[in-house]
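Order of the sequence lines fixes the chain letters, A, B, ..., with proteins taken first and strands second; residue numbering starts at 1 for each chain. Basis for what follows: all heavy atoms, side chains included, without hydrogens, waters or symmetry-related copies.
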2 protein chains.
Amino acid sequence: MSGKPSRIDQAYTALKSAIIEQALRPGDKLPEDEVGQLFSMSRTLVRQVFSRLNAEGLIEIGGKRPATVAIPSLDDAVAAFEVRQALEREVITLVIKRWNPEHKAALEAHLAREIEAAKAGSAPMSIRLAGEFHTLLAEMSGNPLLSRFVSDVVSRCSVVLAVYGRPHSADCGVHEHRDIIDAIAAGDATSAWDLMRHHLGEVEARALIGSSEDSPRSLADMLSPYVEGGAGTKARPAKNRGRPRLQVVKENR
Amino acid sequence: MSGKPSRIDQAYTALKSAIIEQALRPGDKLPEDEVGQLFSMSRTLVRQVFSRLNAEGLIEIGGKRPATVAIPSLDDAVAAFEVRQALEREVITLVIKRWNPEHKAALEAHLAREIEAAKAGSAPMSIRLAGEFHTLLAEMSGNPLLSRFVSDVVSRCSVVLAVYGRPHSADCGVHEHRDIIDAIAAGDATSAWDLMRHHLGEVEARALIGSSEDSPRSLADMLSPYVEGGAGTKARPAKNRGRPRLQVVKENR
DNA sequence: TGATTACCTATCGTATACAATCTTACGTGG
DNA sequence: CCACGTAAGATTGTATACGATAGGTAATCA
């Protein structure tokens, strides 16, 4: 599909995935040079990556402190779901308008993967796929801008879930995805809207207390599955050698 | 209001204004170091500014050529207005829900400025105020994320107008703004939606042929009203002196 | 022993330096 | 006169260097 994702894109995707799958948790610190070493790039590029992540509300940068994984306020959470409702409503309208068999096939395939992940009990995978269901739907709207906005707001909602959601219940109602697909396939916009509203309401309702214990690990450990090559312990540009000083960066507060 | 807008913010605002008011026209080139000299900052910071402008679809960066003011495709244009409809519908819903006298006063004041600008025949001012009416409304929704999205999409629509719109007709129906305020004040969501839909339809309808003549000028001339201090001919950090080599950068193609 | 202060390290903000690549202009050959 | 190849210049991509500042740590004093 995409010819050559730049290193920036790779790091961006890796960090985004790590945050959404909750390998990095809200409040975790992300020092620029450490991340740079992990991805074998200079702070200049890390900064660009951070800039993008910040624009999507996934991390917070600015005040000369290290960047941190975002901790959305309750207001932010409500706002995100409010906007999400409006956007996904439009998505449904457009998808129904442009509905075709390929769309159905793609959604069915995705749903199958969701079910599989749920059966396997893979929480990170489930979380990721649940979000991707909505971005996939958005892409079918044929409106790239809408798609971008939805992707953005879905990311924000994922972080909200990480902060306020119950630890593990993020299977996001695969059932409900099933019903939404059917309603869209039937061309029934009204009931699809209702289903989506109910579905997002359910997701939002999981915004309750969700204190999860802290187990401090190193940034390298948390990110290693996402770094190309599997770890940050090789392919460094022959500088700053020795033990890479990857220590506890986890924020315990 | 805001304590200290950083130099980055100033440059961002200046360039955004210049683009929206069509002092910079789609296709115009924006070399990093030249812009940096105009705003007395290094390319590093210019890059951050460009990154933000790019995220909002105002300029295009990337392929190792100079950044250019964006030229949205027709598809982009349609997409922007589609999303805008959905977002502004939600705005109306929320504003009605939180309606209070201060909101009315602020909108009336803004409308007065719009009328004044229209009477004075100041096209750039009119264009800017017409857009700001919608962002102002969005801010009253009390949802910062929605506000950001609306601001983003309104910017995109402004550029679309610059590319496809008729040269001067951008007074954006002050009348219609009047009616929308009234409908919201009356708490009549349905008719406010209709009015907004019609209004945006009108704006979108101006996307016809809009060939405007080219009159090559220097980037410094085009931007000088937006640079703090009024011109880029002073306060440069004691380097690269002499005549600043500001030549024709206008893209004529 | 507890609070306070001075220092010191970590980390970021900004500028600059160097390398890669595209654009443009010019000269040469058909 | 036009097409094409080559070289010079302009412009961006990436890395590094330097200065500023916040936060933590340890030593000091009551």
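- Distance NZ (Lys29(B)) to P (dT23(C)): 9 Å, rounded to an integer number of Å.
- Relative to the side chain of Leu45(B), the nucleotides dA15(C), dA15(D), dT12(D) differ in distance, and dA15(C) lies closest.
- In this structure, a donor-acceptor pair under 3.5 Å is present between the side chains of Asp9(A) and Ser6(A).
- Closest non-hydrogen pair, Pro5(B) versus Gln10(B), comes out as O-OE1, 3.6 Å.
- Side-chain polar atoms of Asn54(A) and Ser51(A) form no donor-acceptor pair below 3.5 angstrom.
- Set against dT16(C), dT14(D), dT11(D), the side chain of Pro66(B) has dT11(D) as its closest nucleotide.
- One interatomic measurement links the two molecules: CD of Gln48(B) to C1' of dT14(D), which rounds to 15 Å at whole-angstrom precision.
- Residue-level contact check: Gly36(B) touches neither bases nor backbone, having no heavy atom under 4.0 Å from any strand.
- Applying the salt bridge (charged side-chain N to carboxylate O under 4.0 Å, His left out) test to pairs two or more places apart or on separate chains, those with a residue in residues 141-164 of chain A are Asp152(A)-Arg156(A).
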Just the atom pairs and distances: protein N or O near nucleotides 19-23 of chain D's N or O, under 3.5 Å.
{"from": "dA22(D)", "atom 1": "O3'", "to": "Arg65(A)", "atom 2": "NH1", "distance (Å)": "3.0"}
{"from": "dG23(D)", "atom 1": "OP1", "to": "Arg65(A)", "atom 2": "NH1", "distance (Å)": "2.0"}

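- Here CG of Leu45(B) is found 11.0 Å from OG of Ser40(B). Values are rounded to the nearest 0.5 Å.
- Nucleotide dT9(C) holds its P atom 21 Å from the CD atom of Glu32(A), rounded to whole Å.
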Checking side chain to side chain donor-acceptor pair (under 3.5 Å) for the pair Arg98(B)/Ser141(B): CA distance, chi angles, key distance, verdict?
-> CA-CA 7 Å; Arg98(B) 312 181 182 219; Ser141(B) 73; over 6 Å; no
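- Of the candidates dT12(D), dT16(C), dT14(D), dT14(D) carries the atom nearest the Ser42(A) side chain, counting heavy atoms from C-beta on.
- For the pair Arg43(A) and Phe50(B), nearest-nucleotide mapping onto DNA chain D gives the more 5' position to Phe50(B).
- Here the options are Leu53(A), Val69(A), Thr68(A), Ile61(A), the test is side chain to side chain contact (heavy atoms under 4.5 Å, CB included), and the partner is Leu30(A); only Val69(A) passes.
- Summarising the geometry, the separation between CG on Asp33(A) and P on dA17(D) is reported as 14 Å, rounded to the nearest angstrom.
- Atom CZ of Arg7(B) is separated from atom C1' of dT14(C) by 8 Å (rounded to the nearest Å).
- Look at CE on Met41(A): it is 13 Å from P on dT16(D), rounded to the nearest Å.
- When distances are taken from the side chain of Ile8(A) to each of dT14(C), dA15(D), dT14(D), the shortest belongs to dT14(D).
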